[in-house]
Visitor: 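Supplied in structure tokens, the structure appears directly below.
Please read these numbers as outputs of a predicted model, since none were measured by experiment. Computation of the quantities below employed the complete heavy-atom set of this structure, encompassing side-chain atoms and omitting hydrogens, waters and symmetry-equivalent molecules.
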Amino acid sequence: MFLRWQHWNRRARFVLWVIALIGVAAALPLGAVRMDMEKSSKHVEYVFDYRDIIEISERQSTPQAFINEYLEKLKASGVTSMAVYESSLKELLQSGRLTYYSSKEMAMLEDKLEPASQNFTYILFNGPREEEEIGPIVRAAFDRSEAVYKDWSYKGRNGIVVELPVAEAGMKTMDFDPITLQTIHDSGLAILPRLSDRIQPYDQAAMDGLLAKLKGFGVNRILFDGDKVKGASNQQEQKSLNAFGELLKKYDIGIAAIENLKKPQQGINTLAYITNYNVVRLYSLSENDAMTMTPDAIADRFLLAAKDRNIRMFFLNGTVQGDIEKEKIVHSLDKTIEALSGEHGVVSKLAEAGYSPGKAQPFDFEQPSWAKALRGAVAVGAIALIALLAGAFVPYVYIPVFLIGLAGSAGLYVLNSSIMAQALALGAAISAPTLGLVWVMNRIYSRTVGERRIVGGADWTVGRSQSSQTQHPPGTAYDHDAKMKWFFPAPAVGRRIGLALNWFIVATLISLTAVPIIFGLLNNITYNLVLEQFRGVGLLHLAPIILVAVYVLFYNGQTSIGTLRKLLSQPITLMWILLAAVIGAIGYYYLSRTGNAGQVSSIELAVRSWLESTFGVRPRFKEFMLGHPPLILGLFLALRYRAAWLLVIIGSIGQLTMVDTFAHIHTPLYISVIRVLLGLGTGIIIGCILIAAWLVLEGVLRKWAPAIIRKFVGS
């Protein structure tokens with residue numbers, strides 16, 4: 001019975017590889033659909049914060065003339081839209097629509113004594129137009145908060161007295177300033193309203209009227225202000241998100257999603273779904289960056305964002321500060337205009353790369369009818385890869401792991417299809433690079449210590465029985481005393497180089513089988529818009545390294561679990577502590593580079609910039625420097641030196657990083673392909689240089705230090 005089970009598992013291994021490759025093939029059409037989608041939106045929109053212009057103008061000698069001048073300059077430089085916020089008393093004061101005073105200030109103006117036990121807000125409109133257009137939105141704000149107010153006038157100007165202190169009155173959120181909207185519209189610029197959820201409770205009729213008014217000004221997209229989208233606060237009681245989403249659909253108005261927020265704005269995923277993902281991604285240039293970055297650096301950053309992260313809307317902020325040395329007020333608007341304008345400016349660079357200025361459009365992501373069936377085949381292929389990984393470490397489990405995987409995935413699909421897809425994608429991403437290096441190590445074992453033995457025995461020993469020891473060929477890692485050797489008789493140098501490159505290519509192809517599985521399973525617009533993210537990236541960056549290390553150290557025909565127990569029973573010495581500290585430091589540095597917030601040195605930033613400008617697409621540093629070269633060198637040395645097997649563990653970084661590159665779904669697929677190919681080409685070149693350097697060093701040592709070589713390397 002046991003022999004029959006062995007027989008079926010051997011056959012199952014071949015069948016699982018066939019299933020995995022069928023899953024890979026099924027994913028390729030889905031990749032083609034995704035690439036078509038990524039080509040469907042090429043316009044980029046440049047948006048400037050109108051509030052910043054107002055605040056900067058306050059510190060100029062002629063504020064209104066300054067606003068008019070810089071609206072024209074920004075428009076000429078390539079800015080297509082202005083972002084406007086809901087109003088407040090402070091903003092209306094800055095815009096010249098009204099003035100307001102406390103009771104004490106009003107008493108001083110009227111040359112009266114300060115009224116006792118009174119702290120009201122006195123508001124005066126600056127003219128008849130302001131009274132007609134701004135008055136209703138001011139009164140509506142106080143009506144919503146049930147504040148008591150009455151009409152009053154002062155020196156021919158009309159206003160209201162609100163029975164609230166200035167500090168509280170200034171906190172009331174008001175509707176958009178209609179005069180500002182008209183001014184921006186008349187200047188030929190588009191309007192991007194920043195809508196908050198601060199006006200409570202949610203009023204569907206009022207929101208319908210507001211969106212109708214905004215649509216009349218040509219608004220086709222909204223950016224939310226604050227940590228919630230409109231309607232999020234009242235969703236549970238009123239289903240206000242759903243109601244607001246239906247209004248957005250009614251007026252064909254989309255939304256913008258801000259990149260790299262610490263926490264996504266509450267409710268944005270629901271709105272995205274209701275509006276059929278009429279969403280574009282927005283990158284915001286901070287006030288500090290606008291003031292301190294060079295125009296070339298801003299242009300490079302914007303180009304990278306559009307090309308690598310599918311950003312289609314750029315939000316520009318301005319700031320003002322005092323320069324003591326120049327004894328004047330300086331602002332960032334001129335630098336922003338310089339960065340946008342000219343032959344080498346942002347607008348020209350992005351236009352040359354195929355991203356012309358205009359209104360940002362959402363991606364056309366409609367899926368063909370056959371996509372769902374192909375995703376099912378891809379999911380089964382992912383389960384097959386996971387089963388193959390399990391069988392590489394635990395014998396005779398291919399069939400049960402595959403069947404359990406099918407059943408578990410079906411159940412998880414019913415509960416949450418998104419989690420199922422991510423779990424299978426993560427499993428495949430871990431399995432493929434590990435299987436590639438397991439294959440490599442088996443090739444190394446077969447040429448050094450003999451064919452890999454089946455794991456078994458009472459103490460779970462790997463190839464330690466007397467019968468298996470007698471099968472080792474002469475000159476391998478076992479001598480007559482069954483002791484481990486650190487050096488092996490190696491083939492000729494040319495043969496070793498050929499084998500190293502051949503093994504590297506095959507291992508890479510095995511690792512890359514996970515790539516179609518990933519983009520096939522995560523073939524959803526939510527990942528492209530980063531409304532949903534691939535979970536488990538940290539595990540992906542660690543698990544293959546650990547699994548390969550376990551395979552190298554404990555599945556090589558020499559080391560057993562008994563040896564591991566003996567190792568763990570040793571007393572902790574200072575050397576162990578130092579070794580743990582070194583490994584911990586290396587691990588911390590490695591993990592600190594992982595993810596979007598990874599930290600890199602200034603030298604590497606310079607190298608990245610050079611690679612980006614030279615190749616147009618930057619290969620990943622962890623591939624072409626930390627991963628591929630050590631692996632190629634390790635494969636070359638592995639046939640001669642046992643210690644070189646550790647380089648295979650280090651080289652797993654390059655294999656898993658290739659796979660991780662495609663887990664960044666917001667990066668266009670063709671960019672990821674180019675990035676990996678560049679990394680492979682560069683890594684192979686550097687690896688060959690390392691081999692040549694080793695041969696030169698080894699030759700020098702053999703010539704000038706034969707005694708040392710005989711002692712430590714062997715003849």
Side-chain angles (χ1 to χ4, degrees), residues 40-54 56 66-85 176-177 180-195 214-225 251-259 278-287 289-290 295 298-307 309-318 332-363:
S40 63
S41 173
K42 287 293 185 179
H43 290 305
V44 291
E45 187 169 347
Y46 302 97
V47 184
F48 200 90
D49 191 328
Y50 186 76
R51 178 185 284 176
D52 288 347
I53 299 179
I54 297 296
I56 294 171
F66 179 89
I67 292 172
N68 295 335
E69 176 188 356
Y70 275 90
L71 279 179
E72 288 301 319
K73 285 184 176 182
L74 287 166
K75 180 182 175 183
S77 69
V79 170
T80 52
S81 306
M82 285 286 153
V84 294
Y85 295 77
F176 294 98
D177 176 358
T180 293
L181 296 178
Q182 190 65 53
T183 300
I184 295 172
H185 182 264
D186 292 344
S187 70
L189 290 163
I191 297 169
L192 179 68
R194 297 209 64 175
L195 196 60
L214 292 175
K215 192 66 179 180
F217 284 110
V219 170
N220 73 332
R221 195 161 304 282
I222 285 175
L223 177 63
F224 296 102
D225 180 30
Y251 291 103
D252 192 25
I253 295 177
I255 60 179
I258 304 172
E259 183 193 41
N278 186 358
V279 182
V280 298
R281 299 188 69 218
L282 177 145
Y283 169 76
S284 177
L285 184 73
S286 69
E287 293 92 339
D289 286 345
I298 293 174
D300 290 341
R301 179 179 290 187
F302 279 25
L303 178 60
L304 189 66
K307 185 176 60 177
R309 303 198 302 277
N310 282 331
I311 298 297
R312 295 295 179 266
M313 188 173 277
F314 293 96
F315 194 95
L316 302 159
N317 290 280
S332 63
L333 298 185
D334 289 326
K335 182 173 285 188
T336 299
I337 291 168
E338 181 185 356
L340 293 172
S341 309
E343 183 180 351
H344 302 291
V346 170
V347 177
S348 294
K349 277 191 174 182
L350 266 68
E352 288 175 7
Y355 304 98
S356 56
K359 286 200 171 184
Q361 299 296 326
F363 289 111

Visitor: Locate the shortest heavy-atom distance separating Leu189 from Ser81; write the atom from each residue and the value.
Guide: CD2-N, 4.3 Å

Visitor: Answer yes or no: is there a side-chain heavy-atom contact under 4.5 Å between Leu74 and Met82?
Guide: yes

Visitor: Does one side chain, of Arg309 or Tyr283, offer a donor that lies under 3.5 Å from an acceptor on the other?
Guide: no

Visitor: Looking at Arg194 and Val84, would you say the former's side chain and the latter's main chain have a donor-acceptor pair under 3.5 Å?
Guide: no

Visitor: Do Arg301 and Val346 have side chains that approach each other closer than 4.5 Å (heavy atoms only, starting at C-beta)?
Guide: no

Visitor: At their closest point, which heavy atom of Ala299 faces which heavy atom of His344, and how far apart are they?
Guide: CB-O, 4.2 Å

Visitor: Going by the angle between their ring planes, with limits at 30° and 60°, are Tyr46 and Phe314 parallel, tilted or perpendicular?
Guide: parallel

Visitor: State, with a plain yes or no, whether a side-chain heavy atom of Leu333 is found less than 4.5 Å away from one of Phe66.
Guide: yes

Visitor: Report the residues that fulfil side chain to side chain contact (heavy atoms under 4.5 Å, CB included) with Asn310, sequence neighbours left out, ordered by chain and then residue number.
Guide: Arg312, Phe363, Pro668

Visitor: What closest approach, in Å, do Gly78 and Val347 show between heavy atoms, and which atom pair accounts for it?
Guide: CA-CG2, 4.1 Å

Visitor: Find the distance between CG (Leu71) and OG1 (Thr183) and round it off to the nearest 0.5 Å.
Guide: 8.5 Å

Visitor: Measure across Ala290 and Thr336 and return the closest heavy-atom pair with its distance rounded to 0.1 Å.
Guide: CB-OG1, 4.3 Å

Visitor: Hey, what do you get for OH (Tyr70) to CD1 (Ile53), rounding to the nearest 0.5 Å?
Guide: 10.5 Å

Visitor: Would a 4.5 Å heavy-atom cut-off, applied to side chains only, mark Leu181 and Leu214 as touching?
Guide: yes

Visitor: Any heavy-atom pair between the side chains of Val219 and Pro193 that's under 4.5 Å?
Guide: yes

Visitor: Please report the interatomic distance CG(Leu282) to CD1(Ile311), rounded to the nearest 0.5 Å.
Guide: 7.0 Å

Visitor: Show the atom names and distances, to 0.1 Å, of all donor-acceptor pairs under 3.5 Å that link a side chain in residues 348-361 to residues at least two apart or in another chain.
Guide:
residue, atom, partner, partner atom, Å
Ser348, OG, Gly342, O, 2.8
Lys349, NZ, Asp300, OD1, 2.9
Ser356, OG, His43, ND1, 2.9
Lys359, NZ, Gly218, O, 3.0
Gln361, NE2, Lys359, O, 3.4

Visitor: Is Val79 close to Lys73 at the side-chain level, that is, under 4.5 Å between some pair of heavy atoms?
Guide: no

Visitor: Of the non-hydrogen atoms in Val280 and Pro362, which two are nearest, and what is the gap between them?
Guide: CG1-N, 3.9 Å

Visitor: Show the nearest heavy-atom pair for residues Ile56 and Gly318, with the distance to one decimal.
Guide: CD1-C, 4.1 Å

Visitor: With rounding to the nearest 0.5 angstrom, report the CD1 to CD1 distance, Ile54 to Ile67.
Guide: 3.5 Å

Visitor: How long is the gap from CE on Met313 to CG on Leu223, to the nearest 0.5 Å?
Guide: 7.5 Å

Visitor: Does Ser332 reach the main-chain N or O of Lys335 with its side chain, forming a donor-acceptor pair under 3.5 Å?
Guide: no

Visitor: Side chain of Arg51, backbone of Tyr85: donor and acceptor closer than 3.5 Å?
Guide: no

Visitor: Can you measure from CG (Leu192) to CD (Glu45) and round to the nearest 0.5 angstrom?
Guide: 6.5 Å

